[in-house]
Amino acid sequence: MMDPATTPLGQMLLEEITPVVMVLSTPSVEDSSLKNGLSFLHLLTPFCSFNNIDVPVRTASDQPYRLHKFKLRLFYASDVRRPDLKVAKERLKQVITEAGEKVFSELASDVPHIDHEHASSEYRNTPSWFQFLNKELVRVASFSDHEAFDHPVACILAVSSNDEGPINRFVDLYNSNKLPSLLNGGAMDPNILKHYLLVHDNQDGPAERASKIFTEMRSTFGTSDCSLLCINSSVDAPIKHQVNPWASHMSDASLSQGLGCFLNTDDINEIKNLMQNLSSKYIIPNMEQKIRELNQQVSATRKGFRNQIKNLWWRKGKEDGADSPNGPMYNYSSIESQIRVLGDYAFMLRDYELALSNYRLISTDYKIDKAWKRYAGVQEMMGLTYFMLDQSRKEAEYCMENAFSTYVKLGSLGQQNATRCGLWWIEMLKARDQYKEAATVYFRICGEDILHSAVMLEQASYCYMLCKPSMLRKYGFHLVLSGEQYKKCNQIKHAIRTYRNALSVLKGSTWSYINDHVHFHIGQWYASLGMYDVAVKHMMEILACSHQSKATQELFLSDFLQTVKKTGRTFEVTKLQLPVINISSIKVIFEDYRTFGSPSAANIREALWNSLEEEMLPSFSTAKSNWLELQSKLIPKKNSQSNVCIAGEAVKVNIEFKNPLQIPIPISGVALICRHSGSTDEARSDENQSNMEKNNEIDHFREMSSDNTSFSVSEVDFSLGGGETTMVQLSVTPSVEGTLSILGVRWKLSGTIIGFHNFESSHPKKNIVKGRRKSNYSPNNMFKFMVIKSIPKLQGSVRHLPGKAYAGDLRQLVLELRNPSDFPVKNLKMKISHPRFLTIGNPEHIKSEFPACLTKKIDSVNNDAQANPGIMSDTVFMFPEDTSIQGENPFLWPLWFRAAFPGDISLCMSIYYEIGDISSVIRYRTLRLHYNVQILPSLDVSFQISPSRMRMQEFLVRLDVVNKTSSESFQVYQLSSVGKHWEISLLQPPDTIFPLQSLMAGQAISCFFTLKNSRLLTSEANEPAMHVRSDLSLVPQSSDNLVFNINNAPLINFHHFESIAKSYTDQGDLNTVDFVLISRSLKSDNNSGLSDPPCVMSHHACHLSTASTGPISWLVDGPRTLQHDFSASFCEINLKMHLYNSSHATAIVRIDTLDSAGSGGVVQSPTSDIQAGWHDVTPTTPTSEPKVTSNAFETQLKKALSLDSVSPYIWSGSSSTNLHLEPMSSVETPLQICVFSPGTYDLSSYVLNWKLSSKGHGGGDETKQQSGKCQGYKYYITVLQSS
Amino acid sequence: MPPVAPRSGDSIFANLEHMNAELFTLTYGAIVRQLITDLEEVDEVNKQLDQMGYNIGVRLIDEFLAKSNISRCVDFKETAEVIAKVGFKMFLGVTASVINWDADGTSCSIVLEDNPLVDFVELPDNCQGLHYCNILSGVVRGALEMVSMKTEVTWVRDMLRGDEVYELNVKLIKQVPEEYPYKDDE
Amino acid sequence: MIVCVAVVGHQNNPLYIQSFTEADDALKLHHIVHCSLDVVDERVNNPKKSGPLLNETFLGLLYPIENFKVYGYLTNTKVKFILVTTDLDVKDADVRNFFRRFHAAYVDAVSNPFHVPGKKITSRTFAERVSTIVKSFGLTSAV
Amino acid sequence: MVREVAESCVDSLLTEMVASYCNRFYANKPELAARRIEAIGYQVGHQLSERYTMERPRFSDHLEAIKFICKDFWTELFKKQIDNLKTNHRGTFVLQDNKFPWLERISIDPSTDKVNSAEDDSFTTAENKAASTISMHLYYPCGIIRGALSNLGITCAVTADISNLPACSFVVRVKA
């Protein structure tokens, strides 16, 4: 460790604990010195501290050593007393305030960044006012009578040469009743070393008189104790001292110029010598002398065992001494005082061992005497002595602690001393790098005086920063504490300063509460100083304080707004935190060649539109039309990346604003900030824009927002409730061509402050409408547009499309198109996403009323299906060439809607059109319409077909209908088979099926039909098949029997798409039948939320296979009952079997007859184990479709009859017959059985093995099997005994 | 021959290789979180979770049948019970109960008081609409499909959304035929 | 009684601070917790001071301030738990027990797949668990 | 009460997770899939380390932490310890598990490939799919280890080495 004397504390002690010299002077002496702007005392002061006085000294134990550094403290007699607290405080206050001003003005505008080097250095040269303050605080405690080092050791009596009767003046200068209380109070020995100084002012004339007086003096007071001092020797013009010795000693350096202007070098040297002599020849030896004497006395009375005992006894004796807080009064003659004096003198002469031993000695005495103040004082000195000796830190600290706490115990009496002791202690700790401890001591010495404690706390905070490792958080905390104190005694500037320093700790941390508090107060205080701009800056930091309580939020916000108001101008700031803008939510919607019929259309994924428009857009078409490359030429390369928008058409931006607070905030004037430049040359304007923004965004923005000649922006006002979030749509409409870039958004917070947000600085997620496809979209491009001159834009909508509908609901809609512009459009095309739901009708349908137009007209030849083949395939629909859309009268076109299947579907349709004039960059546009329709389950229809056993190619059809709705009831109206070769007929009259003509909610019915293959029938010539009844009314004839023509548009179209949806490829299959079930909703009073109940509903079942047992169908033909006399012979019965091959290939069929009836049911048909009785639930997806479980009946029959016993019979003839069956042809083959006894026989015991010769038949689909096996069906024949 | 009586879930669980649930729980959680970040849309996440569950179910069923020597389940009703009582217990160590069957026995609810997937889980506000346990529904669906029952499995109640239990509605769409000859004894 | 508990992340960022006084001294408590971090650092960086409890998660009494006692706990993952209490005589066992249960609660909280490490703990369940633990502080010395 | 589940739950979950990421989401971007899987592991490891280090004094150095991973952490996960730990004392540790449970379970999982190829669009042959599946599976434990260590204040890179199956060694490289 370094030499204690060089430490700050060492310095301080060598300054403060030094001999005091009392100065007594006559007014005339003062006058003459005042000519130099100095009091006499000040005149001498600079020459009282010697850096190398080099005086030989001897310790009490005659150890010789030399004093080098030495200092005298001069005081006028009047000042030798406890200083006045009030005055001292005032002075402190003033100093601090000045410091405040000074430092504050130097404050850097931005928050200081904290790094340790910087920090520590900052502390190393602590603000000088700290030191000054501490010094003052130490001084306040001086001239106490409980310690001796402030006691004057000598006294200078100064008399001027032109005082009359100087000798007497000398005498009565030092008359006891004028002396300070210390001396005549008995606290110290009044007869101290006196020095008689005759001061001669050379301006008063020559020194003869002076010398005369001087000799007289010497005779009276003795030669050694007198000296003569001549000053003001420079008679002529005042002299300037380049190094003015007095300046440093004056409180204010301002008027240090004229100091000592009449003192020439001789004078100065004279003063120097005077003081030098005084100290080296008189004071020091005298002190040394005194030390020796005292030491002898002390050792005589107190050293040695006997004395110790005696002392103890004695002390015990005077136990009853008055117990005042500072113990009994000790006269200077008392041994205790003398020991103390001895100690202090020794200390002042650096004989620390001696000092320490005596302090030790005395402290015990004081302790026993309960003379606490003195005790504390001695402890204090012991601590310091230990320090100066640089031994046993423990001891040193213990003593300081002891002293400090004792002082503190004394309360107000010991307060100043406590402070002084504390400061010394702190210095001691600092000297040993125990900053943390130092800090705690600072904390302890901040008394009830607020200002005082503020300063102490601040110093404490520095200590925390300096300790290793530095405790920055505590540093911050104490800064805040001290800041509060400063604020209390309105030292605002200090408060701000400390808080700002505290910020440096919090910077970048998430301790929001603390951060908010600090920022807020800094803001407030700046505001109170009228520095509103800074205030606003700080307050803005904490606006979005969602974590704070509602009250706090209100406070912050209101204060902020007030401050802003006070600034008197509309503040405009970037990154204003209220409200919060959700960048990722930003979505740019613009229309180039794509236009949207509704906002919802804009939200549909671009990919979906693309797939829809693929065929329509020329850019995708393979045939390259000549104007296509022209288009690509027109758009400059660099712009090919940036978006295109049309003059006069709005570009919309959706932005989400969020209010993080719990209190509502009014937002007004929300608008986009845009820049429009006439030139299409991007690159250059980009440059100047970017650097514009670099240098000052705000102005740039303001300028932007001001100019609105070339475009117009929409303004929105809204108020955000607590925690509310709203999506706002802003729009900008360019009016002239050029390039438009959207820079950001501006808004006004509760009418006072304007916030900006710059889009391009913040990089949003690119969920721009077309962003998904062009993933290489950079945000800048997303906000940059090339404005082209205005072109026509179609508006369109679909009239009376229901939002909700029941499955099967069939409606006529109208597409309405308008073209407000006065340019023509041509080549309209349209494409619809869900042809199953929406098809394009014929214009004449518009006139004809609905549903009548669906019904059969007698004359109409039902081949409309072929009439418009364009509709049949789901490709693009071309509007007729002559369609022109212009002006206000709309263009109408019919559409058909049919709710194909339940669920929520979104219908998209895109209408393509080309712009008349060639010059435009964009040659075509598409209008995109989008609608959501919710479709509820209605009727659930399923069919089961099984071959009838009565007749070839005749089938039994079972129709199951379930009403799935909750409330609606429907009327099943008509069943039709599609195509012309299936005839259906009811088995029972309709009214037996539907007694009450309608199907209630949840009700299920099933009814049976026979189905004839009319083609076959015609081939057989037993019936004239003029007109095939392919339609079947299910309502009693009574009611209006208009028959819906299902072979007519739109029904046939919908049916077509239905069958396509089922992805059946082969149309030509003759064994499949399609049904269409028409039903109507009865106008039921209890309406189920649906605006208008459906009036016609169609349900389609496609490709129901009749060929359940494979392509081969057969029929056993023969008698059912016959009589035979078995007594005569066994009975032979001839039967015929008709076989029909319904496939396109020749079939080889083998009939195996099995005689043993037991082997009845070995064979099974491929699907025999399907449980009959349950059918499919309503499909939710287009693909899954009702599969009809065929030949369920057969199995049921089989089960039913399998019980009854079968008596044997034999097949006569070959047990197996082979037949060839040409495609679509029938043969017949004879069969014969022999029966031996009467009874009923089941002839099902035969098997047909069939095989298709695969040639000829397109073996494309696996659904059709190539070969199979069929169990004979039940055929009962009863043979009776003929009598 | 009569089918061997299915063993109780606990007994299987007892002698099944098992481990403490934390790894399982946390892994699933991490997967869900990752899916959300990758797929962005919650519905998509639900879909994927269900898909994953389905695949797992498809694989898990064999082990299930083997470990709990349950003969083929024909009846949907019975199957549901087994899944709830045995399946959940032996894999997740929790028992589920089957409630509110509908009239024609094609739809019921599997109810769980708790399940290891959701320990520690709290749905953030931006993930409402997420069926956190959707993998379970997938598993059930997948498993059932392997025993030739096509089902529709949907969440009815979810504790993560403040309901008091987890309820999984299982609805039989159709019972597709077995591939191999089907012995029906007359 | 416990006036405040806090979880502080390994970058000394507050993850969870909850005060249990009706008085509005959130700010003060934040300061106290904030400062306590200095002490934690000190304890950890020069273990000679922390002496016997070397590397133990429980750091013991960090420092008394005004009429509060501040206790600390440092997990293996450098997450700090701070406990501020006004009780005069606090049983070490109680504090340890408290921190043990608190730690368990914390672990479950961060096991929420949606919790982002290093972000504030917003879990309701956690808050409830903590408040019960706080309520039962001192009552149940049953370890 | 410590809750328990069947091991097969975890196994099938992992298998499916890997399958989904490799075959469904990032079918043709294996490196992306790998990153995701690793990320999942990372989160789990991060959380587990928090859990499993409860009630234990803080680790004073890296080695201690690594040892913890080898012993307690591994045991919690696999009911066995890492069989062999090597280090070059310059920040690289090799944790070898002679019979890494997950590996043997997933690698002999026949159904994976079947199921994968069911809804798989990338046409890779079964066996090199199996191989890739294994390596994909390993990103998960790697992630776990990395997550656990990073939560213990050790930033590192973890790779797996299956040059000699069924042994599997994880190489931890600590970032200086």
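In this text, all values refer to a predicted model and were calculated from it rather than measured experimentally. A note on names: the letters A, B, ... follow the listed sequences, proteins ahead of strands, and every chain is numbered from 1.
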Residue by residue, scan residues 120-135 of chain C and write down, ordered by number, those that have a heavy-atom distance under 4.5 Å to chain B; if none do, write 'none'.
-> C:S123, C:R124, C:T125

Which bit of B:I36 is near chain C, if near means a heavy-atom gap under 4.5 Å: side chain, backbone, both or neither?
-> side chain

Residue-level interface, residues 108-118 of chain C with chain B, non-hydrogen cut-off under 4.5 Å | C:D108, C:S111, C:N112, C:P113, C:F114

Region of B:V121 that comes under 4.5 Å of a non-hydrogen atom in chain C = both

Qualifying residues under side-chain contact (heavy atoms from CB on, under 4.5 Å), relative to B:A21, sequence neighbours excluded | B:T25, B:P116, D:R3, D:V5

For C:Y106, check side chain to side chain donor-acceptor pair (under 3.5 Å) against everything at least two apart and list the hits.
-> none

